[in-house]
Amino acid sequence: SIDYTITPVKESESLDAWELLEEKLLIKDVLGEGAFGVVRKGEYDLGEGKRTEVAIKMLKGNPDTEEKRQILQEINIMKSVPAHPHLVSLIGCITQGSLFGPLLVVEYCSKGDLHSYLRNILDKLHNPFYANQLDSIIIGEDIKCASNRLYDLAVLENNDIPQPKDLISYARQIAIGMEYLTSLKLIHRDLAARNVLISSDNTVKISDFGLSRDVYYDKVYCKTTRGKLPIRWMALESLTHQVYTSQSDVWSFGILLWEIVTLGSTPYPGLSTGELLVLLKDGYRMKKPSNCSDELYLIMSKCWKATPKERPTFTELRKALDDTLETIS
Ligand code: ADE
């Protein structure tokens with residue numbers, strides 16, 4: 001495993017190999033906005049008439065020193081993590097001299113985030129022509145019945161509607177990315193469909209892992225820097241004792257599986273975040289979505305065991321999803 005420590009940026013050290021030239025960076029439309037940051041689309045001039053599409057994360061408004069420190073830390077974590085096919089890759093950064101403050105430049109994922117992508121499928125299926133068929137698509141199971149033919153038709157007409165097996169493959173790719181992050185002793189703490197991006201070739205990539213915390217670096221982490229706490233994705237021990245581990249990331253992965261199966265529904269529908277804690281402590285968990293196979297539901301349920309050690313590891317999850325994929329043609 002790779003040992004990594006967060007190195008504070010020193011003025012003299014920041015002009016390293018990752019530093020990009022601002023005059024070669026074209027900043028375009030806003031792709032997304034967070035509590036204190038904004039992500040814009042952009043292009044970077046590679047020379048010889050070649051350009052590459054990029055996504056640029058920057059602070060907005062008048063960022064204070066704390067916000068600048070945080071984006072610099074995010075840049076440093078990304079620099080320290082060797083590229084992986086299922087993590088959004090760092091292209092470079094601009095930490096000095098930019099009027100916009102520190103800029104974090106990453107690969108552009110043209111199909112956007114997984115949550116919007118899933119909602120978009122749901123909207124297509126709610127088109128009157130394909131109406132009421134969501135319940136008849138069993139995700140995680142290979143059924144060639146009349147109802148599935150309707151889904152096949154929707155796929156034919158709209159070849160950007162993924163098949164159930166594509167959705168399981170997305171889950172598997174996320175598990176592989178998380179297996180890698182875990183091997184680097186990094187805890188994501190905000191694993192959710194909104195933080196997963198899809199590239200033009202349909203590769204699924206985990207984003208925002210630069211906001212991760214080192215397992216050993218912050219032993220107890222209390223307040224999130226991400227603004228709002230992702231209550232519905234949080235493990236029981238994170239809610240009750242602010243404890244974050246790779247096993248709490250596994251809980252969030254189980255919620256992410258549920259998001260995938262329900263095509264981007266909000267977890268615990270009908271429950272307020274206030275009601276959630278009491279219910280979870282009592283052992284309440286989300287029931288099996290009607291279009292979910294028993295096998296896939298078993299996988300997500302194990303992620304929600306009250307005792308972190310009893311949950312599967314990302315390696316076990318990856319293997320379980322490999323097996324699920326094998327049963328689907
Ligand atoms: N939204 C946020 N980050 C993005 C990225 N890297 N590519 C596309 N859309 C994004």
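Positions are given from 1 along the sequence. All ligand and atom numbering here is 1-based and tracks the order in the structure.
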> Relative to the heavy atoms of V106, which atoms of ligand 1 are at a distance of less than 4.0 Å?
Replying inline: 6 (N)

> Hey, are W233 and E259 close enough side-chain-wise for a donor-acceptor pair under 3.5 Å?
Replying inline: yes

> Is any side-chain N of the basic residue among D208 and K57 closer than 4.0 Å to the acidic one's carboxylate O?
Replying inline: yes

>> Going by side chain to side chain contact (heavy atoms under 4.5 Å, CB included), L167 matches just one of L118, V261, L114. Which one?
In response: L118

> Looking at Y108, which atoms of ligand 1 are within less than 4.0 Å of one of its heavy atoms?
Replying inline: 7 (N), 8 (C)

> Considering only the protein, which heavy-atom contact is closest to atom 6 (N) of ligand 1, and what is its distance?
Replying inline: E107 O, 2.9 Å

> Any Lys/Arg nitrogen of R69 or E66 sitting under 4.0 Å from an Asp/Glu carboxylate oxygen of the other?
Replying inline: yes

> Nearest to atom 2 (C) of ligand 1, what protein heavy atom do you find, and at what distance?
Replying inline: V39 CG1, 3.6 Å

> For ligand 1, is any non-hydrogen atom under 4.0 Å from L197's backbone (N, CA, C, O), its side chain (CB onward), both, or neither?
Replying inline: side chain

>> Looking at R318 and D322, is there a salt bridge between them, counting it only when a charged N and a carboxylate O are closer than 4.0 Å?
In response: yes

>> Just by distance, no angles: are the side chains of Q173 and S169 close enough, under 3.5 Å, to form a donor-acceptor pair?
In response: yes

>> Is K41 close enough to touch ligand 1? Criterion: a residue heavy atom under 4.0 Å from a ligand atom.
In response: no

>> Students should be able to answer this: which protein heavy-atom is nearest to atom 7 (N) of ligand 1, and at what distance?
In response: C109 N, 2.8 Å

>> Can you report which non-hydrogen protein atom sits closest to atom 9 (N) of ligand 1, along with the distance?
In response: L31 CD1, 3.6 Å

